[in-house]
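What follows is one structure encoded as structure tokens, with my remarks underneath.
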Protein chains: 2
Amino acid sequence: MKYDLTKKPTRGAQRTLESFSQTMFKLLSEEPFERISVNKICDISNFPRATFYNYFDDKFDLVDYCWYVIAQEIEVDKATEVKSNQSLIIYFDRLYDVFKNNRHLLDNILQYNEFSGQLVNSFVNYFKDKMQTILSGSIDYSKAGLPVELIADHCSETVILVLKWIFLKHHDADKRLAHTYLKKLLNLDQFI
Amino acid sequence: MKYDLTKKPTRGAQRTLESFSQTMFKLLSEEPFERISVNKICDISNFPRATFYNYFDDKFDLVDYCWYVIAQEIEVDKATEVKSNQSLIIYFDRLYDVFKNNRHLLDNILQYNEFSGQLVNSFVNYFKDKMQTILSGSIDYSKAGLPVELIADHCSETVILVLKWIFLKHHDADKRLAHTYLKKLLNLDQFI
DNA sequence: TTCAGATTTAGACACTTGTATAAGCAATAG
DNA sequence: CTATTGCTTATACAAGTGTCTAAATCTGAA
């Protein structure tokens with residue numbers, strides 16, 4: 001990403017970011033990612049290509065920004081962080097809600113893109129990374145005789161696995177059932 | 001892949017496939033994947049672009065064929081399939097050996113490509129799929145009260161996680177230790 | 001309000017991509 | 001041997017990519 005998201009954006013920049021991401025969301029619901037070109041994005045957004053490349057490296061970069069927009073809902077609040085034992089479930093729930101709230105987008109995307117294609121991959125990876133960042137900072141895995149990062153990786157992969165199962169592979173499950181899956185797969189008492 | 005790998009290739013086709021894949025292996029050790037163009041591959045291999053596109057859809061397709069070449073070592077023999085309980089460990093060991101035997105290639109690749117980049121991703125996904133195919137056909141997961149495919153997914157993801165940890169993130173471990181990781185993470189008795 | 005510094009934009013450049021066509025070549029069956 | 005079939009190759013095409021320049025425009029602080 002060429003644009004620095006940490007500094008607060010000018011009104012103009014905000015408009016530009018919004019416009020490009022909205023266009024991308026729109027196009028993702030209409031055609032496969034391979035057929036979405038930077039040219040097309042710019043035409044629809046009414047910005048010249050040069051502006052696109054002021055903000056993003058390429059279309060992958062923009063789509064990552066789109067996931068970032070979606071993930072804004074998650075709110076990693078320091079408050080809950082303390083009650084460490086439960087935090088895996090707490091953040092699982094937040095991700096569950098994000099996936100649920102964007103169900104129609106996901107369905108549209110899956111209509112045009114392979115489950116193992118680049119696009120779905122970038123989506124899944126974005127949230128796997130997100131989960132990993134959250135978990136590695138908020139859980140104490142000291143119990144199991146295993147490298148801590150390895151456990152953190154494993155937990156976040158499993159969280160995403162369950163969400164993929166429910167929302168991308170369409171095996172609907174409410175939170176209660178989702179928790180059961182998660183706990184059985186992770187054998188949770190083992191770690192936390 | 002445009003070329004049909006199931007039918008046995010003519011001598012000419014063999015030479016062509018060999019040439020393109022060798023060139024790709026060479027280039028992967030020299031520069032990042034994004035800078036490898038189909039043009040360059042063809043120049044080095046001394047084939048015209050048209051020939052490349054006779055065999056592959058694009059450079060991703062070729063790199064997948066490269067993983068296929070590497071994976072040939074694995075040998076999914078029907079013989080072991082029967083002793084189902086142990087087969088997860090057996091196939092883990094085979095993958096372990098494949099990763100170990102190609103350690104220098106992996107090291108080179110990681111020198112030029114991001115750990116979460118497209119190239120490493122395609123490598124990891126190739127072997128995750130491979131493992132999934134093997135496992136879903138050779139293990140009986142009836143014990144745990146969970147969807148079978150979900151468990152199969154989880155097992156193959158965990159296998160790959162451990163191999164990534166050892167060979168891509170460079171936390172060396174012999175097979176014995178690797179088995180310990182795997183068993184603790186999967187809590188193996190739970191499933192098999 | 002002004003002006004210096006930053007952003008945006010038009011246009012061009014060298015390069016890549018995937019496809020299509022038709023000519024050339026090689027292996028095989030009759 | 002030769003006709004047929006299928007693969008290889010030369011070449012061209014329309015499109016896309018990412019970078020660069022210099023001019024235009026905007027913006028915030030004085």
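Note on naming: letters A, B, ... go to the chains in the order of the sequence lines (proteins, then strands), and numbering restarts at 1 for each one.
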Considering only nitrogen or oxygen atoms on both sides, find all protein atoms under 3.5 Å from nucleotides 7-11 of chain C and state each distance.
from: dT8(C); atom 1: OP1; to: Y55(A); atom 2: OH; distance (Å): 2.7
from: dT9(C); atom 1: OP2; to: T51(A); atom 2: OG1; distance (Å): 2.3

Quiz item: Counting only heavy atoms not in K175(B), do more than 12 sit closer than 6.0 Å to its NZ atom?
Solution: yes

Quiz item: Do T6(B) and D4(B) pass the side chain to side chain donor-acceptor pair (under 3.5 Å) test, and can you show the C-alpha distance, the side-chain angles, and the key distance before you say yes or no?
Solution: CA-CA 6 Å; T6(B) 59; D4(B) 179 11; 2.6 Å; yes

Quiz item: Given atom NZ of K59(B) and atom C1' of dG18(C), what is their separation to the nearest angstrom?
Solution: 14 Å

Quiz prompt | Qualifying residue for ring-ring contact (aromatic ring centres under 6.0 Å, His included) with Y96(B), from F167(B), W165(B), Y91(B) | solution = F167(B)

Exercise. Could you tell me whether K40(A) atom NZ has more than 12 heavy atoms of other residues or ligands within 6.0 Å of it?
Key: yes

Quiz item: Restricting to pairs with a member in residues 6-52 of chain B, which pass ring pair (Phe, Tyr, Trp, His ring centres under 6.0 Å), not counting sequence neighbours?
Solution: F20(B)-F47(B), F20(B)-F52(B), F33(B)-F60(B), F52(B)-F56(B)

Self-check item: Value rounded to 0.5 Å, distance of CG in N187(B) from NZ in K184(A)
Solution: 13.5 Å

Self-check item: Atom pair distance, as rounded to whole Å: OH in Y53(B) and P in dA20(C)
Solution: 13 Å

Quiz item: Atom CD1 of I41(B) and atom P of dG18(C): how far apart are they, to the nearest Å?
Solution: 10 Å

Quiz item: Within a radius of less than 6.0 Å around NZ of K8(A), do more than 12 heavy atoms belonging to other residues, nucleotides or ligands occur?
Solution: no

Quiz item: So which pairs with a foot in residues 104-123 of chain B pass side chain to side chain donor-acceptor pair (under 3.5 Å), sequence neighbours left out?
Solution: S29(B)-N108(B), W67(B)-S122(B), D107(B)-H170(B), N121(B)-N125(B)

Quiz item: What distance do D64(B) atom CG and F123(B) atom CZ have between them, rounded to the nearest 0.5 Å?
Solution: 11.5 Å

Self-check item: Main-chain N/O of C42(A) paired with S45(A) side-chain donor or acceptor, under 3.5 Å
Solution: no

Practice problem: Identify the heavy atoms of T158(B) and L186(B) that sit nearest to each other, and give their distance. | Solution: OG1-CD2, 3.6 Å

Quiz item: In whole angstrom, what separates N39(A)'s CG from dA12(C)'s P?
Solution: 16 Å

Quiz prompt | Residue-level proximity of residues 20-32 of chain B to DNA chain C when a heavy atom falls under 4.0 Å | solution = none

Quiz item: So what does K2(B) hit on the nucleic acid, given a heavy-atom distance under 4.0 Å: a base, only sugar-phosphate, or nothing?
Solution: sugar-phosphate

Exercise. Would you kindly give the CG-to-P distance between D43(B) and dC15(C), to the nearest whole Å?
Key: 12 Å

Self-check item: Contact interval (first through last nucleotide) of DNA chain D with protein chain B, 4.0 Å heavy-atom
Solution: dT8(D) to dA10(D)

Practice problem: Flag yes if more than 12 heavy atoms outside K26(A) fall under 6.0 Å of its NZ atom; otherwise flag no. | Solution: no

Exercise. Applying side chain to side chain contact (heavy atoms under 4.5 Å, CB included) between Q132(B) and each of D153(B), I160(B), V159(B), report the one that passes.
Key: D153(B)

Quiz prompt | Atom pair distance, as rounded to whole Å: CG in D61(B) and P in dG18(C) | solution = 10 Å

Quiz prompt | Nearest-angstrom distance from the residue atom CZ of F52(B) to P of dT17(C) | solution = 8 Å

Practice problem: Determine, for nucleotides 23-30 of chain C in 5'-to-3' order, which nucleotides have protein heavy atoms under 4.0 Å from the base (write B), from only the sugar-phosphate (write S), or from neither (write -). | Solution: --------

